[in-house]
Every structure is written in structure tokens, then in C-alpha cells.
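What follows is a set of notes on a single structure, which appears directly below.
Numbers here simply count residues along the sequence, with the first being 1.
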Amino acid sequence: MTRIAFIGLGNMGGGMAANQAKAGHEVSAFDLSAAALQRAVAAGCTAAATAGEAVEGADVVITMLPAGAHVRAVYANDVLPRAKAGALLIDCSTIDVESARAVAAQAVAAGFRFADAPVSGGAAGAEAGTLAFMVGCVEADFADIEPVLEPMARAVIRAGDHGAGQAAKICNNMVLGVSMIAVSEAFALAEKLGLAPDKFFEIASKSSGQCWSLTSYSPWPGLVETAPSNRDYEGGFATTMMLKDLKLAQDAAAKAGASTPMGAQAEALYALFDRLGAGGKDFSAILQLLRGEAP
Ligand code: NAD
């Protein structure tokens with residue numbers, strides 16, 4: 001049994017902490033939201049009064065927070081001053097590469113082992129324990145990190161050194177944002193050309209247009225049973241979250257001097273869709289914008 005401190009129990013962290021408790025670990029949990037904390041207690045975790053209290057005595061500290069500023073603050077105020085010597089620190093939030101590397105450097109300077117380990121798989125994957133983890137860590141530390149993540153994972157892949165997990169996450173989600181727009185544009189064009197959407201789907205699924213956004217997550221309703229398009233674009237991966245990741249990719253590209261014109265265009269389209277009030281809808285609802293429908 002491992003003593004795990006879990007900080008950030010929202011849509012993602014709630015299910016992840018519950019799976020650690022289910023695996024038999026002692027989970028000391030904290031969230032600023034009393035409701036989130038209560039849900040974690042109902043799932044077998046112990047409530048801590050503060051993030052610092054949760055961290056005290058833990059073998060592993062896992063954070064699942066909204067953005068880089070939250071992670072930097074929780075590390076500076078609670079994790080680094082209160083973690084016990086030798087504790088393994090793992091941040092699973094999706095944050096900017098710069099913050100991940102800054103926090104890693106502070107953790108290492110204070111004598112801790114650290115990993116940035118953002119995830120893919122959404123709230124459903126967090127609940128089911130089937131997330132994909134992209135890990136940035138020192139190579140020698142990976143053997144200890146992998147089993148800790150296992151109760152929450154279907155795949156744990158080391159991407160490289162500190163920050164590489166975040167780099168993998170934003171590059172992957174840039175592909176996803178761009179490909180969802182491309183698929184949605186194709187459906188909208190097929191419709192205008194009088195080609196039935198289900199015929200286009202059948203043909204492109206077996207042709208070179210095949211991709212995850214088409215065959216696993218079709219934005220056109222009625223083609224992929226589990227896709228949010230069949231639930232009026234409820235649940236799934238919100239437009240605001242996709243926009244956050246596309247912004248992280250653009251910021252990183254600007255700093256690294258990388259050319260990402262399709263990523264920039266995807267960010268602009270999702271920003272427009274968000275301004276039109278569709279921030280809470282699944283990101284595949286971008287089809288509505290491209291068909292000229294009000295969101
Ligand atoms: P969320 O807003 O549901 O949860 C974040 C939680 O952090 C909230 O409960 C909030 O109260 C808590 N929090 C904020 N500041 C805190 C602090 N100082 N101390 C303790 N708790 C604090 O967000 P989420 O959907 O769970 O996402 C968490 C992270 O996972 C984000 O970085 C997000 O980009 C990433 N992510 C989300 C998804 C998804 O589908 N939701 C998928 C992959 C990755």
C-alpha cells in the first residue's frame with residue numbers, strides 16, 4: 001500500500017483518485033471545492049483540510065489542476081515545503097511546457113523526483129481507469145512512476161525528459177483540433193454537393209481520409225454510436241478545453257520558433273465558436289459553425 005496525496009479532484013482528478021483508493025492505496029485528498037472533496041471521500045479517500053496537510057507523509061503526490069499558474073502555486077506553497085524526503089511528485093494537469101520545466105527544476109533542486117504526466121482519455125477514461133499517460137521524467141525514475149499510474153491507466157508512455165509529456169499532449173491535441181475541423185468541413189461540403197453524409201462516412205472510412213475524428217468520434221450524428229454528436233454534443237471534451245490546449249500549442253510554437261499555420265487557424269476557429277457561446281459543447285460541435293448553424 002502506498003500513501004498518495006491527491007490534489008485537484010474535479011472532472012478528471014475525482015475519478016483518478018477514486019481508482020487509487022480502489023487499488024488499495026491510502027489516498028489523502030484535497031480540493032478547494034467542498035463538493036469535490038465530499039465525492040472523493042465517498043469513493044474511499046480521506047479528506048485533508050489543506051493541500052499541505054494532504055502532502056505530509058505521502059510517498060507520492062499527484063496533482064490534477066486547471067492550469068500552469070495553479071500548479072506553480074500549489075508546488076511553491078504546499079508540495080515542496082511539506083513533502084517528505086524521497087517523495088515522488090507527479091503532475092497530471094495539462095499545462096504549458098515552461099511551467100512544467102520550471103516546477104521540475106524546483107522539485108529536483110529540493111531533492112525530489114518529478115514527472116509531468118498529462119493524460120488523454122477524458123472524464124470517462126478517468127472514471128474507468130483507462131487514461132493514456134504521456135510522461136516527462138528522468139529515465140531512471142520511470143520504473144517507479146509507471147506502477148503508480150497503472151491503476152488509472154490503459155497506457156503509460158515515457159515521452160522523454162521533463163516537459164516532454166506536456167509537449168506530447170499539446171502536439172497530439174493540435175492534431176485532434178485540426179483533424180476535427182477538416183472532417184467537419186468535409187461533411188459540410190459533401191452535404192452541399194448532394195452527397196449523403198452516411199455515404200461519405202462509409203467511403204472515407206475506407207479511404208485515405210480515414211482518421212480518429214471521423215471513425216471514432218464522428219461530428220455528424222448517427223454514424224458513431226458513442227460520439228457526443230449523438231447526445232446533442234453534451235459531455236465529451238468541451239470546446240473551452242480544446243481551445244486551452246490549442247492556445248498552449250500556439251504559445252509553445254511561438255517560443256520555439258515552430259511554424260504551425262493549421263494549429264493557428266484551428267485556434268482561431270475554436271475561439272470564435274467559444275465567443276458564440278458554444279464553450280460548453282463538445283468540440284465536435286464545430287460542425288455546426290461550418291454548416292452555418294447557430295451554436
Ligand atoms: P476541473 O476544473 O473539473 O478540476 C480542477 C479542480 O482543481 C477543481 O475541482 C478545482 O476546485 C481544483 N483546484 C483548483 N485550484 C486548486 C488548489 N489550489 N488546490 C486544490 N484544488 C484546486 O478540471 P478537469 O477537467 O478535472 O481538468 C484538470 C486538468 O486535466 C486540466 O489541466 C485539464 O486541461 C486536464 N485534462 C482534462 C480533460 C477533460 O476531458 N476534462 C482531459 C485531459 C486533460
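- Pro151 is not listed as a side-chain neighbour of Lys22, based on a closest heavy-atom distance of 4.5 Å or more.
- Counting all heavy atoms, side chain and backbone alike, Ala48 lies closest to Phe30 at O-CD1, 3.4 Å.
- Without hydrogens or angle criteria, Asn19 side chain to Ala126 main chain gives a donor-acceptor distance under 3.5 Å.
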Going through the checks in order, is the ring pair (Phe, Tyr, Trp, His ring centres under 6.0 Å) test met by Tyr75 and Phe112?
-> CA-CA 12 Å; Tyr75 263 72; Phe112 297 107; 8.8 Å; no

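- Between the side chain of Lys244 and the backbone N or O of Ala67 there is no donor-acceptor pair closer than 3.5 Å.
- Around the CD atom of Glu191, the shell of radius 6.0 Å holds more than 12 heavy atoms that belong to other residues, nucleotides or ligands.
- Put simply, the side chain of Lys169 does not reach to within 4.5 Å of the side chain of Asp116, judged on heavy atoms.
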Would Val156 and Phe142 satisfy side-chain contact (heavy atoms from CB on, under 4.5 Å), going step by step from the backbone distance to the final call?
-> CA-CA 10 Å; Val156 181; Phe142 187 65; 3.8 Å; yes

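- In this structure, Val135 and Ile145 have side chains that are in contact, with non-hydrogen atoms separated by less than 4.5 Å.
- Cluster annotation: Met64 is connected to Val60 through the hydrophobic network of ILVMFWY side chains, with a link wherever side-chain heavy atoms come within less than 4.5 Å.
- Between Ile90 and Phe133, every side-chain heavy-atom pair lies at or beyond the 4.5 Å cut-off.
- Rounding to the nearest 0.5 Å places CG of Asp245 at 10.0 Å from OG1 of Thr240.
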Any chance you could lay out the side-chain contact (heavy atoms from CB on, under 4.5 Å) test for Leu9 and Ser33, step after step, and finish with the verdict?
-> CA-CA 8 Å; Leu9 307 162; Ser33 150; over 6 Å; no

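- Checked against Phe283 for a ring pair (Phe, Tyr, Trp, His ring centres under 6.0 Å), the options Tyr217, Phe273, Tyr233 give a single hit: Tyr217.
- How far CZ of Arg72 is from CD of Gln106: 7.0 Å, rounded to the nearest 0.5 Å.
- No side-chain heavy atom of Phe6 sits less than 4.5 Å from a side-chain heavy atom of Cys45.
- In this structure, the side chain of His162 does not engage the main chain of Ala105 through any donor-acceptor pair within 3.5 Å.
- No chain of hydrophobic side-chain contacts below 4.5 Å, direct or via other Ile, Leu, Val, Met, Phe, Trp or Tyr residues, connects Leu289 to Trp220.
- The CG atom of Leu276 sits 11.0 Å away from atom CD of Gln288, with the distance rounded to the nearest 0.5 Å.
- When the side chains of ILVMFWY residues are joined at heavy-atom separations under 4.5 Å, either directly or via intervening members, Val175 and Met242 end up in two distinct hydrophobic clusters.
- A salt bridge between Lys281 and Asp232 is absent, with no side-chain N of the basic residue lying under 4.0 Å from a carboxylate O of the acidic one.
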Output, in order, the C-alpha distance, side-chain angles, deciding distance and verdict of side-chain contact (heavy atoms from CB on, under 4.5 Å) for Arg113 and Cys137.
-> CA-CA 8 Å; Arg113 293 169 299 158; Cys137 67; over 6 Å; no

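- Here the side chain of Asn230 pairs a donor or acceptor atom with the backbone of Gly222 at under 3.5 angstrom.
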Given side-chain contact (heavy atoms from CB on, under 4.5 Å), test Val103 with Asp91 step by step and report yes or no.
-> CA-CA 9 Å; Val103 167; Asp91 177 43; 6.0 Å; no

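- Contact of the Val97 side chain with the Ile170 side chain is registered, since non-hydrogen atoms from C-beta on lie closer than 4.5 Å.
- No donor-acceptor pair under 3.5 Å is formed between the side chain of Asp141 and the backbone N or O of Phe114.
- At least one donor-acceptor pair closer than 3.5 Å links the side chain of Gln166 to the backbone N or O of Ser93.
- For the atom pair OG1 of Thr50 and CG of Asn77, the computed distance is 11.0 Å after rounding to the nearest 0.5 Å.
- Proximity of Leu243 to Glu267: side-chain heavy atoms (C-beta onward) are separated by under 4.5 Å at one or more points.
- Nearest heavy-atom pair across Asp78 and Gly52 is OD1-N, 3.5 Å.
- To the nearest 0.5 Å, atom CG of residue Leu269 and atom CD1 of residue Ile181 are 4.5 Å apart.
- A side-chain donor-acceptor contact under 3.5 Å links Thr260 and Gln250.
- Connection of Phe237 to Val119 is not established within any shared hydrophobic cluster, with ILVMFWY side chains joined at heavy-atom distances below 4.5 Å, either directly or through further cluster members.
- In the hydrophobic cluster analysis, where Ile, Leu, Val, Met, Phe, Trp and Tyr join through side-chain heavy atoms closer than 4.5 angstrom, Leu131 is grouped apart from Val71.
- Rounded to the nearest 0.5 Å, atoms OG (Ser229) and CG (Leu287) are 8.5 Å apart.
- Under the 4.5 Å side-chain criterion, counting only non-hydrogen atoms from C-beta, Ile62 is in contact with Gln20.
- Here the side chain of Ser218 pairs no donor or acceptor atom with the backbone of Thr215 at under 3.5 angstrom.
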